[in-house]
2 protein chains.
Amino acid sequence: MKKPKVPQPKPGGPTQKGQCAKRVSILDAAAEVFCRKGFAGASIDEIAMEACVSRQTVYNHYREKETLFMAVVQDILDRANAALFSILATFPDNGHNLEDDLTAFAVRLNRNCVCNHDGKFIRKLVQTEGERYPHLFEIWRQQGPGKIGTALAALFARLSHVARLDIDDFDLAAKQFLALVNADLQMISFFGGTPTDDELEKSARAAVRTFLRAYGRPPAREAGVEELREETA
Amino acid sequence: MKKPKVPQPKPGGPTQKGQCAKRVSILDAAAEVFCRKGFAGASIDEIAMEACVSRQTVYNHYREKETLFMAVVQDILDRANAALFSILATFPDNGHNLEDDLTAFAVRLNRNCVCNHDGKFIRKLVQTEGERYPHLFEIWRQQGPGKIGTALAALFARLSHVARLDIDDFDLAAKQFLALVNADLQMISFFGGTPTDDELEKSARAAVRTFLRAYGRPPAREAGVEELREETA
DNA sequence: GACGGATTAGACAATGGTGTCTATTTTGAC
DNA sequence: GTCAAAATAGACACCATTGTCTAATCCGTC
(Lines give C-alpha, C1' and ligand atoms only; values in the text may rest on other atoms or scores of the structure.)
Protein backbone atom coordinates (compact mmCIF):
# COMPACT_ATOMS: atom_id res chain seq x y z
CA MET A 1 0.00 0.00 0.00
CA LYS A 2 2.75 2.42 0.78
CA LYS A 3 5.15 1.15 -1.80
CA PRO A 4 5.67 2.57 -5.32
CA LYS A 5 2.52 2.65 -7.35
CA VAL A 6 2.55 2.51 -11.09
CA PRO A 7 -0.51 3.85 -12.85
CA GLN A 8 -0.02 3.18 -16.55
CA PRO A 9 3.24 1.99 -17.96
CA LYS A 10 2.89 4.40 -20.89
CA PRO A 11 2.87 2.16 -23.91
CA GLY A 12 4.55 4.64 -26.23
CA GLY A 13 7.88 4.68 -24.43
CA PRO A 14 10.83 4.05 -26.71
CA THR A 15 13.61 1.97 -25.27
CA GLN A 16 16.72 3.81 -26.27
CA LYS A 17 19.79 4.25 -24.20
CA GLY A 18 20.09 7.99 -24.38
CA GLN A 19 16.64 9.25 -23.52
CA CYS A 20 14.29 6.51 -22.36
CA ALA A 21 11.14 7.97 -20.83
CA LYS A 22 11.64 6.21 -17.52
CA ARG A 23 15.14 7.57 -17.32
CA VAL A 24 13.93 11.12 -17.72
CA SER A 25 11.13 10.55 -15.29
CA ILE A 26 13.57 9.25 -12.68
CA LEU A 27 15.90 12.16 -13.26
CA ASP A 28 13.11 14.68 -12.78
CA ALA A 29 11.76 13.02 -9.68
CA ALA A 30 15.22 12.71 -8.20
CA ALA A 31 15.88 16.40 -8.79
CA GLU A 32 12.66 17.25 -7.03
CA VAL A 33 13.30 15.06 -4.01
CA PHE A 34 17.01 15.85 -3.67
CA CYS A 35 16.11 19.51 -3.76
CA ARG A 36 13.43 19.14 -1.12
CA LYS A 37 15.30 16.86 1.25
CA GLY A 38 18.97 17.12 0.44
CA PHE A 39 21.12 14.12 -0.38
CA ALA A 40 20.91 12.45 3.00
CA GLY A 41 17.24 13.13 3.47
CA ALA A 42 16.12 11.84 0.11
CA SER A 43 15.20 8.20 -0.08
CA ILE A 44 15.29 6.08 -3.19
CA ASP A 45 11.82 4.83 -2.41
CA GLU A 46 10.46 8.34 -2.44
CA ILE A 47 12.19 9.10 -5.71
CA ALA A 48 10.89 5.91 -7.25
CA MET A 49 7.39 6.68 -6.08
CA GLU A 50 7.51 10.22 -7.43
CA ALA A 51 8.81 8.91 -10.73
CA CYS A 52 6.03 6.29 -10.86
CA VAL A 53 8.66 3.63 -11.16
CA SER A 54 9.77 0.70 -9.05
CA ARG A 55 12.82 1.01 -6.88
CA GLN A 56 14.58 -1.67 -8.83
CA THR A 57 14.20 0.32 -12.02
CA VAL A 58 16.01 3.19 -10.38
CA TYR A 59 18.86 0.88 -9.50
CA ASN A 60 18.83 -0.53 -13.01
CA HIS A 61 19.45 2.87 -14.51
CA TYR A 62 21.74 4.31 -11.88
CA ARG A 63 24.01 1.99 -10.02
CA GLU A 64 23.65 3.71 -6.66
CA LYS A 65 22.30 6.79 -4.97
CA GLU A 66 25.40 8.82 -5.59
CA THR A 67 25.46 7.98 -9.29
CA LEU A 68 21.90 9.19 -9.57
CA PHE A 69 22.72 12.34 -7.67
CA MET A 70 25.58 13.27 -9.95
CA ALA A 71 23.50 12.57 -13.04
CA VAL A 72 20.84 14.93 -11.74
CA VAL A 73 23.35 17.70 -11.18
CA GLN A 74 24.87 17.37 -14.62
CA ASP A 75 21.44 17.33 -16.24
CA ILE A 76 20.33 20.52 -14.52
CA LEU A 77 23.56 22.32 -15.32
CA ASP A 78 23.23 21.43 -18.99
CA ARG A 79 19.69 22.73 -19.13
CA ALA A 80 20.51 25.95 -17.30
CA ASN A 81 23.40 26.57 -19.64
CA ALA A 82 21.30 26.14 -22.73
CA ALA A 83 18.78 28.62 -21.35
CA LEU A 84 21.49 31.16 -20.60
CA PHE A 85 22.91 31.20 -24.10
CA SER A 86 19.52 31.38 -25.67
CA ILE A 87 18.84 34.50 -23.62
CA LEU A 88 22.16 36.12 -24.35
CA ALA A 89 21.51 35.72 -28.05
CA THR A 90 18.43 37.92 -27.77
CA PHE A 91 20.07 41.11 -26.52
CA PRO A 92 19.71 43.81 -29.18
CA ASP A 93 23.09 45.29 -29.98
CA ASN A 94 21.57 48.53 -31.16
CA GLY A 95 18.26 49.01 -29.38
CA HIS A 96 16.86 52.47 -28.76
CA ASN A 97 16.45 52.41 -25.01
CA LEU A 98 19.24 50.91 -22.97
CA GLU A 99 17.26 50.92 -19.73
CA ASP A 100 14.40 48.99 -21.25
CA ASP A 101 16.73 46.56 -22.97
CA LEU A 102 18.67 45.86 -19.80
CA THR A 103 15.50 45.49 -17.79
CA ALA A 104 13.99 43.05 -20.23
CA PHE A 105 17.25 41.14 -20.26
CA ALA A 106 17.39 41.02 -16.46
CA VAL A 107 13.82 39.81 -16.24
CA ARG A 108 14.45 37.04 -18.70
CA LEU A 109 17.69 36.06 -17.02
CA ASN A 110 16.04 35.86 -13.65
CA ARG A 111 12.99 34.05 -14.85
CA ASN A 112 14.80 31.44 -16.90
CA CYS A 113 18.11 30.99 -15.15
CA VAL A 114 18.12 32.28 -11.60
CA CYS A 115 14.67 32.15 -10.07
CA ASN A 116 13.35 29.20 -12.00
CA HIS A 117 13.26 25.67 -10.75
CA ASP A 118 16.66 24.68 -12.07
CA GLY A 119 18.37 27.74 -10.71
CA LYS A 120 17.00 27.33 -7.24
CA PHE A 121 17.73 23.66 -7.30
CA ILE A 122 21.33 23.99 -8.24
CA ARG A 123 22.05 26.77 -5.78
CA LYS A 124 20.43 24.95 -2.95
CA LEU A 125 22.20 21.76 -3.77
CA VAL A 126 25.59 23.35 -4.09
CA GLN A 127 25.18 24.97 -0.75
CA THR A 128 23.86 21.81 0.86
CA GLU A 129 26.24 19.28 -0.60
CA GLY A 130 29.09 21.41 -1.88
CA GLU A 131 31.17 20.61 1.14
CA ARG A 132 30.71 16.89 0.68
CA TYR A 133 31.41 17.08 -3.04
CA PRO A 134 33.94 19.84 -3.75
CA HIS A 135 33.95 18.63 -7.33
CA LEU A 136 30.28 19.57 -7.55
CA PHE A 137 30.96 23.07 -6.32
CA GLU A 138 33.73 23.56 -8.82
CA ILE A 139 31.60 22.43 -11.76
CA TRP A 140 28.82 24.71 -10.70
CA ARG A 141 31.01 27.76 -10.27
CA GLN A 142 32.54 27.36 -13.69
CA GLN A 143 29.44 26.37 -15.59
CA GLY A 144 26.96 28.49 -13.66
CA PRO A 145 27.78 31.93 -12.33
CA GLY A 146 31.13 31.83 -14.04
CA LYS A 147 29.58 31.56 -17.48
CA ILE A 148 26.92 34.15 -16.76
CA GLY A 149 29.55 36.50 -15.42
CA THR A 150 31.93 36.35 -18.36
CA ALA A 151 29.10 36.46 -20.87
CA LEU A 152 27.70 39.54 -19.20
CA ALA A 153 31.11 41.16 -19.01
CA ALA A 154 31.49 40.63 -22.73
CA LEU A 155 28.10 42.22 -23.33
CA PHE A 156 29.07 45.25 -21.25
CA ALA A 157 32.32 45.55 -23.13
CA ARG A 158 30.39 45.71 -26.38
CA LEU A 159 28.00 48.30 -24.97
CA SER A 160 30.86 50.35 -23.62
CA HIS A 161 32.48 50.32 -27.00
CA VAL A 162 29.30 51.67 -28.54
CA ALA A 163 29.46 54.43 -25.92
CA ARG A 164 26.28 53.51 -24.14
CA LEU A 165 28.03 52.60 -20.88
CA ASP A 166 30.93 54.04 -18.95
CA ILE A 167 32.61 51.06 -17.33
CA ASP A 168 36.23 50.52 -16.47
CA ASP A 169 36.11 47.04 -14.94
CA PHE A 170 33.73 44.85 -16.94
CA ASP A 171 33.95 41.79 -14.73
CA LEU A 172 33.22 43.82 -11.66
CA ALA A 173 30.32 45.57 -13.36
CA ALA A 174 28.88 42.21 -14.41
CA LYS A 175 29.02 40.88 -10.88
CA GLN A 176 27.47 44.05 -9.55
CA PHE A 177 24.75 43.97 -12.15
CA LEU A 178 23.80 40.45 -11.19
CA ALA A 179 23.94 41.34 -7.52
CA LEU A 180 21.70 44.35 -7.99
CA VAL A 181 19.19 42.45 -10.02
CA ASN A 182 18.96 39.85 -7.31
CA ALA A 183 18.92 42.24 -4.39
CA ASP A 184 15.18 42.08 -4.08
CA LEU A 185 14.51 38.60 -5.28
CA GLN A 186 17.10 36.71 -3.34
CA MET A 187 14.97 36.61 -0.28
CA ILE A 188 11.94 35.37 -2.13
CA SER A 189 13.62 32.71 -4.18
CA PHE A 190 15.85 31.80 -1.27
CA PHE A 191 12.93 30.05 0.23
CA GLY A 192 10.64 28.10 -2.01
CA GLY A 193 8.67 30.99 -3.39
CA THR A 194 8.80 32.00 -7.02
CA PRO A 195 8.63 35.75 -7.62
CA THR A 196 5.67 36.89 -9.64
CA ASP A 197 6.18 38.51 -13.03
CA ASP A 198 5.35 41.80 -11.43
CA GLU A 199 7.98 41.48 -8.73
CA LEU A 200 10.46 40.35 -11.34
CA GLU A 201 9.82 43.36 -13.53
CA LYS A 202 9.78 45.84 -10.68
CA SER A 203 12.99 44.69 -9.06
CA ALA A 204 14.74 44.44 -12.40
CA ARG A 205 13.80 48.00 -13.23
CA ALA A 206 14.97 49.32 -9.88
CA ALA A 207 18.25 47.47 -10.28
CA VAL A 208 18.86 48.68 -13.81
CA ARG A 209 18.08 52.24 -12.81
CA THR A 210 20.67 52.15 -10.05
CA PHE A 211 23.13 50.43 -12.34
CA LEU A 212 22.72 53.13 -14.96
CA ARG A 213 23.02 55.88 -12.37
CA ALA A 214 26.44 54.43 -11.62
CA TYR A 215 27.58 53.34 -15.08
CA GLY A 216 25.35 54.98 -17.66
CA ARG A 217 26.44 57.63 -20.11
CA PRO A 218 24.19 60.65 -19.75
CA PRO A 219 22.21 60.83 -23.02
CA ALA A 220 21.66 64.58 -22.68
CA ARG A 221 18.06 64.36 -21.44
CA GLU A 222 18.92 62.55 -18.22
CA ALA A 223 21.83 64.77 -17.25
CA GLY A 224 20.27 66.09 -14.07
CA VAL A 225 22.99 65.11 -11.68
CA GLU A 226 25.78 66.04 -14.02
CA GLU A 227 24.42 69.49 -14.63
CA LEU A 228 23.91 70.03 -10.94
CA ARG A 229 27.53 69.28 -10.32
CA GLU A 230 28.57 71.73 -13.02
CA GLU A 231 26.44 74.50 -11.62
CA THR A 232 27.50 74.18 -8.01
CA ALA A 233 31.16 74.13 -8.96
CA MET B 1 36.14 2.60 20.04
CA LYS B 2 33.94 4.65 17.80
CA LYS B 3 31.57 5.87 20.45
CA PRO B 4 31.77 9.21 22.31
CA LYS B 5 35.05 9.69 24.03
CA VAL B 6 35.41 12.03 26.96
CA PRO B 7 38.92 13.28 27.69
CA GLN B 8 38.70 15.29 30.88
CA PRO B 9 35.39 16.21 32.46
CA LYS B 10 36.62 19.75 33.06
CA PRO B 11 36.41 20.14 36.83
CA GLY B 12 35.65 23.84 36.84
CA GLY B 13 32.25 23.57 35.20
CA PRO B 14 29.48 25.31 37.12
CA THR B 15 26.13 23.57 37.17
CA GLN B 16 23.66 26.32 36.45
CA LYS B 17 20.57 26.07 34.37
CA GLY B 18 21.18 29.01 32.08
CA GLN B 19 24.67 28.49 30.81
CA CYS B 20 26.15 25.20 31.91
CA ALA B 21 29.40 24.49 30.10
CA LYS B 22 28.17 21.20 28.67
CA ARG B 23 25.12 22.91 27.30
CA VAL B 24 27.22 25.42 25.44
CA SER B 25 29.54 22.74 24.24
CA ILE B 26 26.64 20.73 22.88
CA LEU B 27 25.17 23.78 21.20
CA ASP B 28 28.44 24.59 19.48
CA ALA B 29 29.05 21.06 18.34
CA ALA B 30 25.49 20.73 17.10
CA ALA B 31 25.82 23.94 15.09
CA GLU B 32 28.97 22.60 13.52
CA VAL B 33 27.54 19.23 12.60
CA PHE B 34 24.13 20.50 11.47
CA CYS B 35 25.91 22.97 9.26
CA ARG B 36 28.16 20.33 7.76
CA LYS B 37 25.58 17.61 7.26
CA GLY B 38 22.16 19.24 7.38
CA PHE B 39 19.43 18.14 9.73
CA ALA B 40 18.90 14.69 8.27
CA GLY B 41 22.58 13.98 7.80
CA ALA B 42 23.65 14.94 11.30
CA SER B 43 23.64 12.21 13.90
CA ILE B 44 23.30 12.74 17.60
CA ASP B 45 26.27 10.46 18.15
CA GLU B 46 28.46 12.67 16.02
CA ILE B 47 27.29 15.76 17.85
CA ALA B 48 27.89 14.15 21.21
CA MET B 49 31.36 13.06 20.15
CA GLU B 50 32.25 16.51 18.85
CA ALA B 51 30.97 18.04 22.08
CA CYS B 52 33.00 15.56 24.13
CA VAL B 53 29.82 14.49 25.85
CA SER B 54 27.84 11.29 26.06
CA ARG B 55 24.79 10.85 23.91
CA GLN B 56 22.59 10.61 26.95
CA THR B 57 23.75 14.02 28.10
CA VAL B 58 22.58 15.48 24.85
CA TYR B 59 19.17 13.97 25.39
CA ASN B 60 19.16 15.22 28.97
CA HIS B 61 19.55 18.81 27.83
CA TYR B 62 17.44 18.69 24.69
CA ARG B 63 14.51 16.36 24.58
CA GLU B 64 14.98 15.34 20.97
CA LYS B 65 16.89 16.11 17.83
CA GLU B 66 14.47 18.75 16.68
CA THR B 67 14.55 20.56 20.01
CA LEU B 68 18.30 20.73 19.78
CA PHE B 69 18.12 21.97 16.22
CA MET B 70 15.79 24.81 17.10
CA ALA B 71 17.90 25.79 20.08
CA VAL B 72 20.93 26.01 17.83
CA VAL B 73 19.13 28.24 15.37
CA GLN B 74 17.89 30.59 18.06
CA ASP B 75 21.33 30.79 19.61
CA ILE B 76 23.01 31.71 16.37
CA LEU B 77 20.39 34.31 15.53
CA ASP B 78 20.82 35.94 18.91
CA ARG B 79 24.57 36.12 18.50
CA ALA B 80 24.37 37.47 14.97
CA ASN B 81 21.91 40.10 16.08
CA ALA B 82 24.10 41.28 18.91
CA ALA B 83 27.01 41.59 16.49
CA LEU B 84 24.92 43.60 14.07
CA PHE B 85 23.84 46.20 16.58
CA SER B 86 27.31 46.55 17.97
CA ILE B 87 28.51 47.35 14.45
CA LEU B 88 25.72 49.77 13.69
CA ALA B 89 26.59 51.68 16.85
CA THR B 90 30.07 52.38 15.51
CA PHE B 91 29.09 54.27 12.37
CA PRO B 92 30.30 57.85 12.72
CA ASP B 93 27.44 60.25 12.12
CA ASN B 94 29.78 63.01 11.14
CA GLY B 95 32.90 61.42 9.71
CA HIS B 96 35.04 63.27 7.19
CA ASN B 97 35.07 60.77 4.35
CA LEU B 98 31.84 59.00 3.50
CA GLU B 99 33.49 56.50 1.17
CA ASP B 100 35.93 55.39 3.80
CA ASP B 101 33.27 55.24 6.48
CA LEU B 102 30.95 53.13 4.34
CA THR B 103 33.77 50.87 3.30
CA ALA B 104 34.87 50.27 6.85
CA PHE B 105 31.28 49.65 7.81
CA ALA B 106 30.77 47.16 4.98
CA VAL B 107 33.95 45.31 5.88
CA ARG B 108 32.91 45.00 9.47
CA LEU B 109 29.40 43.96 8.55
CA ASN B 110 30.66 41.27 6.24
CA ARG B 111 33.30 40.01 8.57
CA ASN B 112 31.13 39.84 11.66
CA CYS B 113 27.65 39.16 10.33
CA VAL B 114 27.63 37.82 6.80
CA CYS B 115 30.81 35.95 6.02
CA ASN B 116 31.60 34.71 9.48
CA HIS B 117 30.76 31.32 10.81
CA ASP B 118 27.35 32.24 12.15
CA GLY B 119 26.28 34.00 9.00
CA LYS B 120 27.20 31.15 6.75
CA PHE B 121 25.63 28.68 9.10
CA ILE B 122 22.31 30.39 9.28
CA ARG B 123 22.04 30.99 5.57
CA LYS B 124 22.94 27.46 4.73
CA LEU B 125 20.54 26.09 7.25
CA VAL B 126 17.67 28.28 6.16
CA GLN B 127 18.17 27.20 2.60
CA THR B 128 18.54 23.56 3.53
CA GLU B 129 15.76 23.22 6.07
CA GLY B 130 13.63 26.28 5.41
CA GLU B 131 11.15 24.25 3.46
CA ARG B 132 10.76 21.73 6.22
CA TYR B 133 10.43 24.43 8.88
CA PRO B 134 8.70 27.49 7.44
CA HIS B 135 8.74 28.89 10.94
CA LEU B 136 12.53 28.85 10.83
CA PHE B 137 12.57 30.75 7.58
CA GLU B 138 10.23 33.38 8.92
CA ILE B 139 12.29 33.93 12.07
CA TRP B 140 15.42 34.25 10.02
CA ARG B 141 13.96 36.71 7.56
CA GLN B 142 12.70 38.97 10.28
CA GLN B 143 15.62 38.76 12.65
CA GLY B 144 18.36 38.45 10.05
CA PRO B 145 18.24 40.30 6.74
CA GLY B 146 15.12 42.12 7.84
CA LYS B 147 16.87 43.76 10.76
CA ILE B 148 19.97 44.55 8.78
CA GLY B 149 17.85 46.01 6.03
CA THR B 150 15.78 48.33 8.18
CA ALA B 151 18.76 49.38 10.26
CA LEU B 152 20.69 50.21 7.12
CA ALA B 153 17.74 52.06 5.66
CA ALA B 154 17.57 54.17 8.81
CA LEU B 155 21.28 54.92 8.53
CA PHE B 156 20.86 56.02 4.92
CA ALA B 157 17.94 58.18 5.90
CA ARG B 158 20.13 59.94 8.46
CA LEU B 159 22.91 60.39 5.93
CA SER B 160 20.49 61.69 3.34
CA HIS B 161 19.18 64.17 5.82
CA VAL B 162 22.69 65.43 6.43
CA ALA B 163 22.97 65.82 2.66
CA ARG B 164 25.68 63.25 2.15
CA LEU B 165 23.52 60.92 0.09
CA ASP B 166 20.87 61.43 -2.56
CA ILE B 167 18.41 58.59 -2.04
CA ASP B 168 14.71 58.48 -2.66
CA ASP B 169 13.89 54.92 -1.61
CA PHE B 170 15.86 54.04 1.51
CA ASP B 171 14.77 50.43 1.76
CA LEU B 172 15.67 49.78 -1.82
CA ALA B 173 19.03 51.48 -1.40
CA ALA B 174 19.73 49.37 1.67
CA LYS B 175 19.00 46.16 -0.19
CA GLN B 176 21.12 47.28 -3.09
CA PHE B 177 23.96 48.27 -0.83
CA LEU B 178 23.99 44.84 0.77
CA ALA B 179 23.73 43.18 -2.62
CA LEU B 180 26.64 45.19 -4.01
CA VAL B 181 28.81 44.50 -1.01
CA ASN B 182 28.21 40.80 -1.39
CA ALA B 183 28.53 40.67 -5.15
CA ASP B 184 32.10 39.50 -4.96
CA LEU B 185 32.03 37.55 -1.78
CA GLN B 186 28.93 35.52 -2.26
CA MET B 187 30.70 32.99 -4.34
CA ILE B 188 33.49 32.58 -1.88
CA SER B 189 31.44 32.32 1.24
CA PHE B 190 28.81 30.30 -0.59
CA PHE B 191 31.12 27.37 -0.33
CA GLY B 192 33.06 26.85 2.82
CA GLY B 193 35.78 29.40 2.17
CA THR B 194 36.21 32.51 4.28
CA PRO B 195 37.28 35.59 2.35
CA THR B 196 40.60 37.06 3.40
CA ASP B 197 40.75 40.52 4.90
CA ASP B 198 42.18 41.71 1.64
CA GLU B 199 39.32 40.36 -0.42
CA LEU B 200 36.88 41.79 2.08
CA GLU B 201 38.40 45.25 1.87
CA LYS B 202 38.76 45.24 -1.89
CA SER B 203 35.26 44.10 -2.65
CA ALA B 204 33.78 46.45 -0.09
CA ARG B 205 35.59 49.38 -1.64
CA ALA B 206 34.47 48.48 -5.15
CA ALA B 207 30.90 48.14 -3.94
CA VAL B 208 30.89 51.42 -2.07
CA ARG B 209 32.39 53.20 -5.02
CA THR B 210 29.63 51.99 -7.31
CA PHE B 211 27.03 52.75 -4.67
CA LEU B 212 28.27 56.31 -4.35
CA ARG B 213 28.39 56.75 -8.11
CA ALA B 214 24.70 56.00 -8.05
CA TYR B 215 23.63 57.66 -4.81
CA GLY B 216 26.39 60.00 -3.70
CA ARG B 217 26.13 63.78 -3.52
CA PRO B 218 28.92 65.61 -5.33
CA PRO B 219 31.72 65.80 -2.75
CA ALA B 220 32.18 69.56 -3.03
CA ARG B 221 29.28 70.24 -0.67
CA GLU B 222 30.01 67.57 1.85
CA ALA B 223 32.55 69.23 4.08
CA GLY B 224 30.87 72.58 4.03
CA VAL B 225 27.51 71.37 5.21
CA GLU B 226 29.11 69.26 7.84
CA GLU B 227 31.10 72.08 9.31
CA LEU B 228 28.17 74.41 9.24
CA ARG B 229 26.15 71.93 11.19
CA GLU B 230 28.82 71.40 13.79
CA GLU B 231 29.29 75.08 14.38
CA THR B 232 25.65 75.88 14.80
CA ALA B 233 25.24 73.08 17.31
C1' DG C 1 1.09 -16.18 -30.37
C1' DA C 2 5.86 -16.33 -28.84
C1' DC C 3 10.09 -14.24 -27.56
C1' DG C 4 13.34 -11.24 -24.91
C1' DG C 5 14.30 -7.22 -22.62
C1' DA C 6 12.53 -4.10 -19.45
C1' DT C 7 9.76 -3.53 -15.46
C1' DT C 8 7.28 -4.77 -11.50
C1' DA C 9 6.16 -6.03 -6.34
C1' DG C 10 7.91 -7.80 -2.64
C1' DA C 11 11.11 -10.13 0.44
C1' DC C 12 15.58 -9.83 2.33
C1' DA C 13 20.04 -8.85 5.07
C1' DA C 14 22.85 -5.28 6.52
C1' DT C 15 23.46 -0.93 8.27
C1' DG C 16 22.92 3.04 10.90
C1' DG C 17 20.11 6.22 13.31
C1' DT C 18 16.78 7.57 17.28
C1' DG C 19 15.32 7.60 21.71
C1' DT C 20 15.08 4.81 26.23
C1' DC C 21 16.88 2.47 30.04
C1' DT C 22 20.16 1.02 33.62
C1' DA C 23 24.02 0.61 36.42
C1' DT C 24 28.08 3.12 37.41
C1' DT C 25 31.04 7.02 38.01
C1' DT C 26 32.07 11.81 38.51
C1' DT C 27 31.30 16.44 40.29
C1' DG C 28 30.46 20.31 43.21
C1' DA C 29 28.39 21.78 47.51
C1' DC C 30 27.87 21.11 52.25
C1' DG D 1 33.59 12.54 53.99
C1' DT D 2 28.86 12.61 52.43
C1' DC D 3 25.29 13.40 49.34
C1' DA D 4 22.50 14.48 45.40
C1' DA D 5 22.59 15.90 40.91
C1' DA D 6 24.78 15.33 36.66
C1' DA D 7 27.29 12.66 33.43
C1' DT D 8 28.95 8.38 31.73
C1' DA D 9 29.21 3.74 28.88
C1' DG D 10 26.73 0.45 27.09
C1' DA D 11 22.79 -2.26 25.88
C1' DC D 12 18.36 -2.16 23.92
C1' DA D 13 14.00 -1.99 20.86
C1' DC D 14 12.45 0.19 17.02
C1' DC D 15 12.46 2.05 12.60
C1' DA D 16 14.01 3.73 8.02
C1' DT D 17 17.08 3.14 4.35
C1' DT D 18 20.22 0.94 1.09
C1' DG D 19 21.21 -2.29 -2.17
C1' DT D 20 20.34 -7.29 -3.70
C1' DC D 21 17.58 -10.96 -5.22
C1' DT D 22 13.60 -13.44 -7.20
C1' DA D 23 9.56 -14.61 -9.48
C1' DA D 24 6.01 -12.70 -12.01
C1' DT D 25 4.42 -9.41 -15.41
C1' DC D 26 4.36 -6.09 -19.13
C1' DC D 27 5.90 -4.42 -23.70
C1' DG D 28 7.12 -4.00 -28.57
C1' DT D 29 8.78 -6.91 -32.17
C1' DC D 30 8.91 -10.69 -34.91
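Every chain is numbered from 1, with letters handed out A, B, ... down the list of sequences.
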Considering only heavy side-chain atoms of A:N60, the closest of C:dT8, D:dT20, D:dA11 is C:dT8
The residue, A:F39 or B:V58, whose nearest nucleotide of DNA chain D is more 5′ is B:V58
Tell me: CG of B:D45 to C1' of C:dT20, nearest whole Å? 14 Å
Can you classify the ring geometry of A:Y133 versus A:F69 as parallel (below 30°), tilted (30 to 60°) or perpendicular (above 60°)? tilted
For A:A42, answer base if it contacts any base atom (sugar-phosphate contacts may also be present), sugar-phosphate if it contacts only those atoms, and nothing otherwise; contact means non-hydrogen atoms under 4.0 Å. sugar-phosphate
Picking from D:dT8, D:dC12, C:dT8, the nucleotide nearest the side-chain atoms of A:Q56 would be C:dT8
Consider the side chain of A:I44, meaning its heavy atoms from C-beta on, and name the nucleotide among C:dT7, D:dT18, D:dT8 that approaches it most closely. D:dT18
Can you check whether A:H61 has a side-chain N or O nearer than 4.0 Å to OP1 or OP2 of C:dA6? no
For A:D197, is there an ion pair with A:K202 - N to carboxylate O distance below 4.0 angstrom? no
Expressed in angstrom and rounded to an integer, what is the separation of A:M49 atom CE from C:dT8 atom C1'? 16 Å
Note: A:D171-A:K175 ion pair, threshold 4.0 Å (strictly below): no
pair A:T210-B:Y215: side-chain heavy atoms closer than 4.5 Å: yes
Could you state the atom-to-atom distance from CZ of A:R55 to C1' of D:dG19 in whole Å? 8 Å
Can you see whether A:Y62 has A:R23 sitting over its ring - NZ or CZ less than 6.0 Å from the centre and within 45° of the normal? yes
Check the distance between C:dG19's C1' and B:R63's CZ and give it to me in whole angstrom. 11 Å
B:I47 CD1 - C:dG19 C1' separation (whole Å): 14 Å
Give a yes/no on whether any side-chain N or O of B:T57 is located under 4.0 angstrom from OP1 or OP2 of D:dA7. no
Check the distance between C:dC12's P and A:Y59's OH and give it to me in whole angstrom. 18 Å
Does a side-chain N or O from B:K22 land closer than 4.0 Å to OP1 or OP2 of D:dT8, or not? yes
Looking only at C:dT20, C:dT8, C:dT18, the nucleotide nearest the B:K65 side chain is C:dT18
Which nucleotide in the list C:dG17, D:dT8, C:dA9 gets nearest to the side chain of B:S43? C:dG17
